[in-house]
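Here's the structure, in structure tokens; my notes come after.
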Amino acid sequence: MRWSQTYIPTLRENQSEAELVSHQLLLRAGYIRKLSSGIYLYLPLMQRVIEKFSQIVREEMNSAGALEITMSVLCPAEVWQESGRYNTVGKEQMRMKDRHGHDMVLCGTHEETVTTLIRGEIKSYRQLPLNLYQIQVKFRDEIRPRFGLMRGREFIMKDAYSFDASEESFAQSYKKMVDAYFRIFTRAGLDVVKVESDTGAMGGKAAHEFMLLVDTSAGEEVIIFCDKCDYVANVEKATFRLDEKDVKEASLEQAVPVDTPGVATIEEVASFLKVPHKTLVKTLLYMADDKPVAALVRGDRELNLIKLKNATGAVELEMARPEQVVKITNAPVGFAGPVGLKDVKIVVDPLVAEMKNFIVGANENEKHLLNVNIERDFKADLTVDISLAQEGDLCPNCDGHFSTKKGIEVGNTFMLGTKYSEALGAKFLDADGKEHPIIMGSYGIGVTRTPQAALEKYSDDNGIIWPKNIAPYHVHLIPISMENEAQVETADKIYAELNKIGVDVLYDDRTGRPGVKFKDADLIGLPVRITIGDKSLKDGKVEVKARTESEMHLVALDEISKAVTDILERLN
RNA sequence: CGGGGUGUAGCGCAGUUUGGCAGCGCGCCUGCUUUGGGAGCAGGAUGUCGGAGGUUCAAAUCCUCUCACCCCGACCA
């Protein structure tokens with residue numbers, strides 16, 4: 001492609017709207033433009049990146065036996081009502097009425113649609129397994145879109161859905177997808193890790209996420225690693241083993257109230273009473289679908305909201321507002337405790353269950369209770385892990401310890417079980433003529449998110465450095481002067497030759513100054529640059545340089561193709 | 001939704017405190033010169049100062065309402 005024939009609006013200065021390097025670069029290098037909050041337009045370069053990545057996805061999905069289809073973005077509300085998710089997805093689902101007044105939704109995912117498609121048509125175990133996928137626009141009305149394509153409201157996703165007749169068959173289907181995912185990300189030049197994750201609103205039995213590990217603030221997920229075994233999990237999901245050191249036998253002492261004037265936080269109470277944080281218990285009040293819940297975690301621990309949500313089975317879980325806290329505990333925020341609470345579900349973390357003679361709020365202003373004990377002073381309605389795992393915790397599978405890293409989720413796989421097939425009536429007959437719901441899985445890859453995520457790893461001060469397989473073009477061809485006939489002639493020849501052997505070339509045929517072209521080339525980030533100038537051309541040579549490397553190679557004109565393919569061969 | 005912030009030329013911003021000709025840099029257009037890392041000179045075009053209402057002789061500036069966008073939190077590929 002000739003520069004003069006395409007549309008690459010590069011910008012000299014950074015855009016104020018962008019926080020992340022990757023977002024900044026996509027805007028500056030002329031890949032994307034914003035239309036509205038969380039809604040982006042893909043310009044020609046981005047379009048090519050999307051196509052290249054999509055093609056990799058498509059090839060690997062196809063070779064894993066999945067079949068490409070395209071489903072609608074719009075969907076009648078009844079389908080979502082039937083699965084039950086109409087009431088649970090929340091406000092991120094965009095809803096509207098058509099001209100006849102029918103309720104419609106914009107799909108953020110397609111479990112309902114695809115299940116509706118196959119039910120009634122898949123009747124026999126002989127028709128299974130089946131895996132259908134699409135690469136298509138999704139819409140989610142995110143509470144807070146941010147980071148450009150990383151968390152847009154409209155985005156492109158590859159979503160696949162598997163249908164199996166047995167658990168054994170499903171396990172194979174799932175593994176095929178996991179294997180395909182690793183091949184996809186590897187081809188795109190990205191190292192990802194597979195981590196255990198929460199199933200969230202998707203429901204189902206288990207799930208994994210594919211994470212690109214990054215050191216930047218773009219890493220929205222915290223990932224827990226065991227330093228000894230292969231246990232890896234999203235912090236939302238991670239469980240850990242109780243440290244035996246924390247289990248102590250002690251005689252129960254008399255509970256006593258103590259004045260704690262003006263000290264409300266764990267930090268303040270601990271230093272006021274001169275005791276370690278882990279002798280205190282935090283009582284956190286939440287409203288689970290408008291019913292109060294008290295969550296008790298040890299003073300040195302953070303609450304894991306996802307675990308609490310799962311434990312309570314709540315659809316909406318929100319921290320109680322100060323006035324609600326007052327109503328529940330008769331005390332201002334900071335003095336809540338489990339003793340004497342009425343009509344409040346008390347959820348106790350196992351770490352707390354092991355504690356003796358601990359300190360809690362007294363449900364009275366500026367007072368705490370010392371030497372409180374479970375059973376004697378209050379009863380737990382539920383004892384379940386609700387603590388956030390943290391660095392140094394003990395691995396649940398071995399005697400290793402946890403460390404943490406940050407990552408960007410670029411893909412996920414869900415074991416859905418029969419949640420959707422049962423709700424929507426997708427059933428098959430087995431060899432004995434018995435009816436069963438189909439076992440399903442769903443598998444997503446963020447097609448627009450992934451390339452931007454890649455840039456969080458692959459860029460430098462001068463611009464983008466694309467992995468070769470998702471770069472919009474392979475080669476950036478720059479004649480120093482378009483007024484110089486010999487240079488132009490050479491450039492034309494190289495352009496034709498490389499195109500012929502399937503190397504994608506962006507030919508900067510602008511009549512501008514070379515400095516501008518070099519700056520734009522670095523910004524756009526194609527893997528290989530070929531420069532044609534009088535210095536080397538008088539010896540019948542041109543300069544070939546990899547974006548990642550600083551040294552140039554002088555290459556004779558008849559060896560260009562080989563030089564370029566050699567460099568591409570060794571690049572990521 | 002809560003908290004914080006910003007809207008002025010295509011982009012980046014100053015001007016708002018203390019009301020008085022709407023500016024700067026980059027980009028864009030024309031001409032000449034220049035051509036190996038964002039050129040120089042000369043000339044030129046470009047504004048609903050986010051919007052509506054109000055105060056005033058006079059509003060980008062003060063007041064009221066409103067919209068959009070960004071950042072922090074809850075949501076999520």
Side-chain angles (χ1 to χ4, degrees), chain A residues 9-20 23 27-28 30 33-39 88-93 108-110 136-159 181 197-202 207 209-212 217 220-221 234 236 286-287 305-306 309 315-319 321-322 407-414 442-450 452-453 462-463 478-484 487 510-523 529 531-537 542-543 545 552:
Chain A
T10 58
L11 298 167
R12 189 177 286 236
E13 287 163 296
N14 277 338
Q15 302 293 99
S16 54
E17 71 178 65
E19 199 81 344
L20 243 48
H23 184 195
L27 286 166
R28 264 233 294 155
R33 286 294 181 263
K34 186 178 70 177
L35 178 65
S36 178
S37 180
I39 301 181
T88 58
V89 281
K91 290 189 186 135
E92 76 178 49
Q93 183 170 60
T109 179
H110 281 76
Q136 190 231 29
V137 163
K138 293 280 178 287
F139 196 96
R140 294 182 190 172
D141 198 2
E142 291 285 344
I143 290 175
R144 187 151 95 85
R146 64 183 125 174
F147 299 154
L149 306 184
M150 217 78 101
R151 178 171 309 284
R153 293 197 287 174
E154 187 178 297
F155 55 97
I156 298 173
M157 183 163 122
K158 185 284 303 176
D159 47 324
Y181 273 31
S197 69
D198 186 68
T199 53
M202 199 67 80
E209 289 169 338
F210 290 74
M211 297 280 188
L212 181 67
S217 58
E220 295 190 273
E221 309 284 347
N234 191 313
E236 293 175 347
Y286 278 83
M287 301 304 289
L305 208 59
I306 306 286
K309 194 169 178 179
V315 174
E316 293 284 339
L317 184 69
E318 285 183 343
M319 193 156 217
R321 292 188 302 274
I408 301 169
E409 182 182 356
V410 288
N412 57 25
T413 54
F414 290 93
S442 90
Y443 315 87
I445 287 181
V447 171
T448 39
R449 169 188 280 192
T450 301
Q452 188 184 329
N462 295 315
I478 300 181
I480 294 292
S481 169
M482 284 303 288
E483 258 100 77
N484 181 311
Q487 287 182 25
R510 289 178 296 177
T511 54
R513 301 175 62 81
V516 176
K517 296 187 181 184
F518 291 141
K519 287 287 182 191
D520 276 342
D522 288 346
L523 187 58
R529 192 180 86 193
T531 310
I532 302 164
D534 283 340
K535 280 186 205 164
S536 47
L537 194 56
V542 299
E543 293 154 25
K545 178 187 166 301
M552 305 211 182

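Lettering follows sequence order; numbering is per chain, from 1. Quick caveat, the model's predicted, so the values are computed rather than measured.
In summary, Lys309(A) and Asp198(A) do not engage in a salt bridge, as defined by a charged side-chain N under 4.0 Å from a carboxylate O.
The Phe518(A) side chain lies nearest to rG36(B) when the options are rC69(B), rG36(B), rC75(B). Side-chain proximity of Thr531(A) to the nucleotides rC72(B), rG36(B), rC26(B) is greatest for rG36(B). Of all nucleotides listed (rC75(B), rG38(B), rC69(B)), rC69(B) comes nearest to the side chain of Ser36(A). When the nucleotides rG36(B), rC76(B), rG27(B) are ranked by their closest atom to the side chain of Pro514(A), rG36(B) comes out on top. Checking rC71(B), rG27(B), rA39(B) against every side-chain atom of Arg513(A), the shortest atom distance belongs to rA39(B).
Ile39(A) has its CD1 atom 16 Å from the C1' atom of rC70(B), to the nearest Å. Taking atom CD of Glu483(A) as the reference point, atom C1' of rC32(B) lies 14 Å away to the nearest angstrom. Rounded to whole angstrom, the span from the CG atom of Asn14(A) across to the C1' atom of rG38(B) amounts to 14 Å. Rounded to an integer number of Å, the gap from Met319(A) CE to rC1(B) C1' is 16 Å. Atom CZ in Arg146(A) sits about 6 Å away from atom P in rC72(B), given to the nearest Å. Look at CD on Glu220(A): it is 13 Å from C1' on rC72(B), rounded to the nearest Å. Put simply, CD on Glu142(A) is 16 Å from P on rC1(B), counting in whole angstrom units. Rounding to whole angstrom units, NZ of residue Lys138(A) and P of rC75(B) are separated by 22 Å.
For Glu13(A) against rG25(B), a side-chain N or O and a base N or O form a donor-acceptor pair under 3.5 Å. For Arg151(A) against rC76(B), a side-chain-to-base donor-acceptor contact under 3.5 Å is present. For Gln15(A) against rG12(B), no side-chain N or O and base N or O form a donor-acceptor pair under 3.5 Å. Judged by atom type and distance alone, Arg529(A) reaches the base of rG37(B) through a side-chain donor-acceptor pair under 3.5 Å.
Using a 4.0 Å heavy-atom criterion, one finds that Glu92(A) contacts the sugar-phosphate atoms exclusively. Residue Arg510(A) is out of contact with every strand shown, counting any heavy-atom pair closer than 4.0 Å. In this structure, Met552(A) reaches the bases: a heavy-atom distance under 4.0 Å links it to at least one base atom across the strands shown. Across all strands shown, Thr511(A) has no heavy atoms under 4.0 Å from either base or sugar-phosphate atoms. Using a 4.0 Å heavy-atom criterion, one finds that Lys34(A) contacts the sugar-phosphate atoms exclusively. Counting non-hydrogen atoms under 4.0 angstrom, Asp159(A) reaches nothing in the nucleic acid. Nucleic acid contact class of Gly512(A) (heavy atoms, under 4.0 Å, all strands): base. Across all strands shown, Asp522(A) has heavy atoms under 4.0 Å from base atoms, whether or not it also approaches the sugar-phosphate. Using a 4.0 Å heavy-atom criterion, one finds that Gly444(A) contacts no nucleic acid atom at all.
Mapping Ile532(A) and Ile306(A) onto RNA chain B by nearest heavy atom places Ile532(A) at the nucleotide closer to the 5' end. Along RNA chain B, the nucleotide nearest to Ile480(A) and the one nearest to Glu318(A) differ in position, and the one closer to the 5' end is contacted by Ile480(A).
When the P atom is compared between rU18(B) and rC1(B), the two are found 33 Å apart, to the nearest whole Å. Taking the C1' atom of each, rG47(B) and rG31(B) are spaced 27 Å apart, rounded to whole Å. Rounded to a whole angstrom, the distance from the C1' atom of rA22(B) to that of rU16(B) is 13 Å. The gap from the C1' atom of rC26(B) to that of rG40(B) amounts to 16 Å, rounded to the nearest Å. Nucleotides rA14(B) and rA9(B) have their C1' atoms positioned 14 Å apart, rounded to a whole Å. Comparing the P positions of rU35(B) and rA45(B) gives an interatomic distance of 30 Å, to the nearest angstrom.
At least one side-chain heavy atom of Pro9(A) sits less than 4.5 Å from a side-chain heavy atom of Arg33(A). With contacts defined as side-chain heavy-atom distances shorter than 4.5 Å, the pair Ser442(A)/His110(A) does not qualify. A 4.5 Å side-chain heavy-atom check between Thr109(A) and Arg140(A) finds at least one atom pair inside the cut-off.
The base-pairing partner of rG23(B), taking Watson-Crick or G-U wobble contacts with both distances under 3.5 Å, is rC13(B). Using N1 to N3 plus N6-O4 or O6-N4 for Watson-Crick, or N1-O2 and O6-N3 for G-U wobble, each under 3.5 Å, rG31(B) pairs with rC41(B). Base pairing of rA60(B): no nucleotide in any strand meets the Watson-Crick or G-U wobble criterion (both distances under 3.5 Å). Nucleotide rG7(B): paired with rC67(B) (Watson-Crick or G-U wobble, both distances less than 3.5 Å). Pairing for rG2(B) goes to rC72(B), judged as Watson-Crick or G-U wobble with the two contacts each under 3.5 Å.
Note that CD1 of Ile445(A) is 13.5 Å distant from CD1 of Ile156(A), once rounded to the nearest 0.5 Å. In this structure, CG in Asp520(A) is found 9.0 Å from CZ in Arg12(A), a value given to the nearest 0.5 Å.
The phosphate of rG12(B) (OP1 or OP2) has no side-chain N or O of Arg12(A) nearer than 4.0 angstrom. Side-chain N/O atoms of Arg144(A) include one lying less than 4.0 angstrom from OP1 or OP2 on rG73(B).
Defined by atom type and a distance below 3.5 Å, a donor-acceptor pair is present between the side-chain atoms of Asp534(A) and Gln487(A).
No side-chain donor-acceptor contact under 3.5 Å links Arg146(A) to the backbone of Arg151(A). Between the side chain of Gln452(A) and the main chain of Phe147(A), a donor-acceptor pair closer than 3.5 Å is present.
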